[in-house]
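I have placed the structure first, in the form of structure tokens, so that the comments after it can refer back to it.
Source: prediction; values computed, not measured.
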Amino acid sequence: MEKITKLKLYPHQIEAVNYLKQFNNCLIGDDMGLGKTFEGSEMLDYYNNSINLVVCQKSKINDWINHFEKYYDVYVWNLTKKNELNSFLDDNSLQSKDFISVGVINYDLLIRRTELLSLVNFTLLLDESSEIKNEHSKRGKFVLKMNPKNVILLSGTPMNGKFEELWSQLRLLGWNISRELFDTQYMDYKVDYSLGFPKKVFLGYKNKDRLLRKLRDYGGVFRKTEEVFTLPQQIYKEIKIPASTNYLKYAKNHYLSLPNKVMVGDNPLSDRLNKKELCGIYSQEKIQAYRDLINSTNDRIIVFYNYIAELEVLEKVTNRPISYINGSKKDLVNYDTKENSITFVQYQAGSMGVNLQKANRIIFFTPPDGNSIHFEQAMKRIHRIGQMKTCFYYYLIVENSIEENIYETLDIRKYINQELFRKENEK
């Protein structure tokens with residue numbers, strides 16, 4: 001592909017691209033903010049297939065389209081549009097080296113475009129490849145059915161603290177190890193007979209160094225931000241909030257009658273949800289702590305939350321310019337233009353692939369439910385190339401509640417991720 005505009009790479013990006021050229025497939029697992037988009041597109045350029053498919057989150061479709069239109073002389077197709085999908089598939093039938101096509105689609109729509117299973121001799125680029133970590137999910141099954149010539153995986157967090165989430169990605173890279181053998185080699189179990197029958201009990205993970213070597217053998221590169229750039233300091237502040245009387249009553253009885261709602265924890269899922277709501281939208285103490293925080297500074301602030309009901313409550317108590325990133329809209333006008341703006345970001349919609357380094361403060365109103373990928377990615381929205389200020393992270397945590405358990409789980413999974421990809425493991 002010819003370049004339209006000179007693509008200027010940092011030295012670490014040039015080094016990665018030159019190293020990866022020895023592999024037919026690659027996993028670019030650099031830390032969030034190191035420019036995996038540029039490295040990925042350069043590898044796609046190097047593989048030089050006439051047909052290329054980029055799969056990403058819905059919020060990133062236009063970013064990828066604009067990227068290829070700006071830097072490369074290619075035909076770019078938005079495959080969320082049926083007419084462009086048909087044109088892209090027509091190009092696939094031509095397979096002309098003089099006619100390079102890049103189709104861009106989001107994960108959720110991909111599984112409904114079964115026509116794409118007919119693609120041959122193409123490059124498949126998966127942005128945030130952790131999206132297919134579950135080989136039993138619809139998107140995981142679909143991607144594993146595809147037959148690309150070359151594969152490029154991009155992910156700053158390839159797994160959620162679980163080695164087994166790497167299996168489907170390793171399969172795409174060309175390692176034909178069965179799931180059963182993978183589990184045997186990297187997961188430790190014992191057999192428990194205490195219940196009168198054998199039960200397999202998971203103990204932890206093993207052979208970390210061997211697994212990291214395998215990842216590198218099949219085209220994996222992993223670098224932390226601090227290995228490449230010097231970014232500002234990160235400061236973490238836990239703001240402990242007393243559990244409300246209502247939370248304590250519910251935790252004891254698994255039942256609570258509120259003026260507008262009756263909470264019944266008759267199964268683990270509903271019980272967990274009720275407890276989270278009592279730590280969020282029904283916690284006046286936490287809402288007041290949020291008010292106090294935003295009134296303590298005029299800086300831009302990013303606020304992460306989970307549910308629509310949380311957003312509705314937060315909007316009512318926020319007397320500042322507001323921007324949004326959620327499942328229904330992305331409006332960053334106030335974020336871009338107002339120094340005292342507050343941007344509400346729903347974890348699933350905005351924890352990945354969004355640059356928010358104009359802000360240097362994040363408030364976690366509620367934690368993501370055990371998903372360390374969303375949590376680690378969320379923190380990197382402000383701590384990335386271009387950030388000049390110290391970054392502050394505020395965790396609003398209800399004491400002696402389910403939130404403490406969730407944050408403990410997030411810390412454990414983050415530690416497992418760091419243990420696998422730590423620099424000392426490199427052999």
Side-chain angles (χ1 to χ4, degrees), residues 1-74 76-79 100-107 110 119 122-133 143 146 148-158 168-170 172-174 215-216 218-225 228 352-355 373 377 380 384-385 421:
M1 297 188 294
E2 295 182 3
K3 301 292 193 301
I4 295 177
T5 302
K6 180 63 175 176
L7 185 60
K8 295 180 181 179
L9 299 180
Y10 287 100
H12 76 275
Q13 295 170 328
I14 296 172
E15 179 185 5
V17 170
N18 288 337
Y19 169 76
L20 291 173
K21 287 179 179 179
Q22 65 185 297
F23 301 100
N24 290 327
N25 308 304
C26 61
L27 166 57
I28 302 173
D30 286 350
D31 210 354
M32 291 79 77
L34 291 184
K36 293 183 290 295
T37 296
F38 296 93
E39 296 171 11
S41 63
E42 282 294 280
M43 288 306 300
L44 185 145
D45 177 36
Y46 172 75
Y47 290 141
N48 196 33
N49 291 313
S50 58
I51 298 298
N52 304 273
L53 179 65
V54 175
V55 186
C56 61
Q57 295 177 314
K58 186 177 180 181
S59 62
K60 293 289 289 180
I61 288 175
N62 288 333
D63 292 340
W64 274 106
I65 290 173
N66 293 336
H67 176 80
F68 280 106
E69 288 180 340
K70 179 178 181 180
Y71 292 112
Y72 300 95
D73 183 16
V74 296
V76 188
W77 307 101
N78 184 340
L79 303 187
I100 307 297
S101 285
V102 177
V104 184
I105 194 169
N106 58 296
Y107 283 97
L110 173 71
L119 294 179
F122 72 104
T123 295
L124 174 65
L125 188 156
L126 299 183
D127 188 16
E128 301 300 346
S129 59
S130 60
E131 293 284 349
I132 55 101
K133 63 184 182 292
V143 170
M146 304 185 84
K149 181 179 178 182
N150 303 102
V151 173
I152 303 166
L153 307 180
L154 309 181
S155 181
T157 47
S168 57
Q169 297 172 78
L170 281 163
L172 287 172
L173 293 176
L215 284 162
R216 296 190 183 283
Y218 283 90
V221 292
F222 309 95
R223 288 169 299 184
K224 295 297 182 184
T225 303
V228 179
M352 299 181 183
V354 183
N355 297 332
I373 292 177
Q377 292 265 7
K380 295 301 291 187
R384 54 201 305 114
I385 299 171
F421 299 116

- Message: Looking only at the side chains, is there a donor atom on one of Glu131 and Gln57 sitting less than 3.5 Å from an acceptor on the other?
- Response: yes
- Item | Side chains of Glu39 and Tyr10, donor plus acceptor under 3.5 Å | no
- Using only heavy-atom distances, determine whether the side chains of Tyr72 and Ser41 contain a donor-acceptor pair under 3.5 Å. yes
- Of all the heavy-atom pairs spanning Val55 and Asn106, show the shortest one and how long it is. CG1-C, 4.1 Å
- Query: Is there a side-chain contact between Val221 and Cys26 (heavy atoms, below 4.5 Å)?
  - Reply: no
- Smallest separation among heavy atoms of Lys380 and Thr225, with atom names: NZ-OG1, 3.3 Å
- Message: Could you go through Asn150 and Asn25, starting from their C-alpha distance and side-chain angles, then the distance that decides it, and tell me whether this counts as side chain to side chain donor-acceptor pair (under 3.5 Å)?
- Response: CA-CA 5 Å; Asn150 303 102; Asn25 308 304; 4.8 Å; no
- Query: Are Leu153 and Leu124 side-chain neighbours, meaning at least one heavy-atom pair lies under 4.5 Å?
  - Reply: no
- Parallel, tilted or perpendicular: which fits the ring planes of Phe68 and Trp64, with parallel below 30° and perpendicular above 60°? parallel
- Task: Search all heavy atoms of Lys36 against all heavy atoms of Ile28 and return the closest pair with its distance.
- Result: CD-O, 3.3 Å
- With distance as the sole test, does Asn62 use its side chain to make a donor-acceptor pair with the main-chain N or O of Ser59 at under 3.5 Å? no
- Task: Going by the side chain to side chain contact (heavy atoms under 4.5 Å, CB included) test, name the single residue among His12, Gln13, Glu15 that passes it with Val228.
- Result: His12
- Task: Scan side-chain atoms only and decide if Glu128 and Gln377 contain a donor-acceptor pair under the 3.5 Å cut-off.
- Result: yes
